[in-house]
Protein chains: 2
Amino acid sequence: MIQKLTTEERAAQIAQLHGWQAVADRDAIQRKFEFADFNEAFGFMTRVAIKAQEMDHHPEWFNVYSKVEITLATHEADGVTGRDIELAGFIDSITA
Amino acid sequence: MIQKLTTEERAAQIAQLHGWQAVADRDAIQRKFEFADFNEAFGFMTRVAIKAQEMDHHPEWFNVYSKVEITLATHEADGVTGRDIELAGFIDSITA
């Protein structure tokens, strides 16, 4: 069973990422993205989807046109785990 | 300039669709979908994305794992238009 990060661990890990923030009312992290257009936004989502499926760890996400908002948490741990940090790191790596 | 549907027109058009409902607090229509898993959900989203790009009319949507929630409205008309009904009809056709 994967354990959720402590508050200190989570803060330290978020500091290593780019633009991710703790969600106010739940144990999750979030980042908002804006692309040039829908083609670019959905292309990005497709890359994340393939990685998520490979990891068997999926995002919660909202898209409208060029905007994508991603929330990461680990359902079975009821909070943020190393899996979320790993997926966030991948997402950062393709949006650098 | 595309005109939004009247309340009567919108109700008549929604009745022709499958499972779409008027959103309570704005002039938009919404439908929720549940698939077998993420692969199926994102495959569905990809088909909708390609159609949306072809129509140059894009959804607002939320996905988590096997669930997809789609909201349709036409920004420039500030409400539901024939374009939303057309895209909803396509979405219905691939989920029949």
Side-chain angles (χ1 to χ4, degrees), chain A residues 2 4 20 23-81 83-84 86-88 90-91 94, chain B residues 2 4 20 23-81 83-84 86-88 90-91 94:
Chain A
I2 191 162
K4 68 177 177 176
W20 292 85
V23 175
D25 52 352
R26 53 184 284 214
D27 189 353
I29 58 173
Q30 191 173 69
R31 187 176 166 191
K32 295 177 185 185
F33 301 86
E34 184 153 10
F35 298 92
D37 53 27
F38 179 75
N39 183 300
E40 203 176 288
F42 199 78
F44 160 74
M45 290 176 73
T46 303
R47 292 190 69 187
V48 174
I50 292 169
K51 179 67 173 180
Q53 190 69 3
E54 177 187 295
M55 290 179 62
D56 193 21
H57 188 64
H58 302 86
E60 298 173 34
W61 47 6
F62 174 80
N63 160 247
V64 57
Y65 197 60
S66 60
K67 292 179 182 167
V68 181
E69 189 175 306
I70 304 183
T71 303
L72 301 178
T74 302
H75 185 76
E76 67 197 89
D78 196 27
V80 175
T81 69
R83 282 184 207 156
D84 301 301
E86 181 185 345
L87 183 53
F90 171 80
I91 292 169
I94 64 168
Chain B
I2 190 162
K4 68 177 178 178
W20 292 85
V23 175
D25 52 352
R26 54 183 285 215
D27 189 353
I29 58 173
Q30 191 173 71
R31 187 175 165 190
K32 296 178 183 182
F33 301 86
E34 183 151 12
F35 298 93
D37 53 26
F38 179 75
N39 183 301
E40 202 177 290
F42 199 77
F44 160 75
M45 290 176 72
T46 303
R47 293 191 68 186
V48 174
I50 293 168
K51 179 68 174 181
Q53 190 70 2
E54 178 189 294
M55 289 179 62
D56 192 22
H57 188 65
H58 303 86
E60 297 174 34
W61 47 6
F62 173 80
N63 161 246
V64 56
Y65 198 59
S66 60
K67 291 178 183 170
V68 181
E69 188 174 306
I70 304 182
T71 302
L72 300 177
T74 303
H75 187 74
E76 66 197 272
D78 195 28
V80 176
T81 69
R83 282 183 207 156
D84 301 301
E86 183 184 343
L87 184 54
F90 171 79
I91 292 168
I94 64 169

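This structure is a prediction, so every number in the text was calculated from the model and none was measured. Scope of the values below: all heavy atoms of this structure, side chains included, with no hydrogens, waters or symmetry mates.
Distance check: A:His57 NE2 to B:Phe38 CZ gives 11.5 Å after rounding to the nearest 0.5 Å.
Looking at A:Asn39, the atoms closer than 4.5 Å to chain B (heavy atoms on both sides) sit in the backbone and in the side chain alike.
Taking the side chain as every heavy atom from C-beta outward, B:Phe42 and A:Thr46 approach each other to under 4.5 Å.
The 12-atom threshold is exceeded at CG of A:Asp37, counting heavy atoms of other residues, nucleotides or ligands nearer than 6.0 Å.
Ring pair A:Tyr65/B:His58 is perpendicular by interplanar angle, where above 60° counts as perpendicular and below 30° as parallel.
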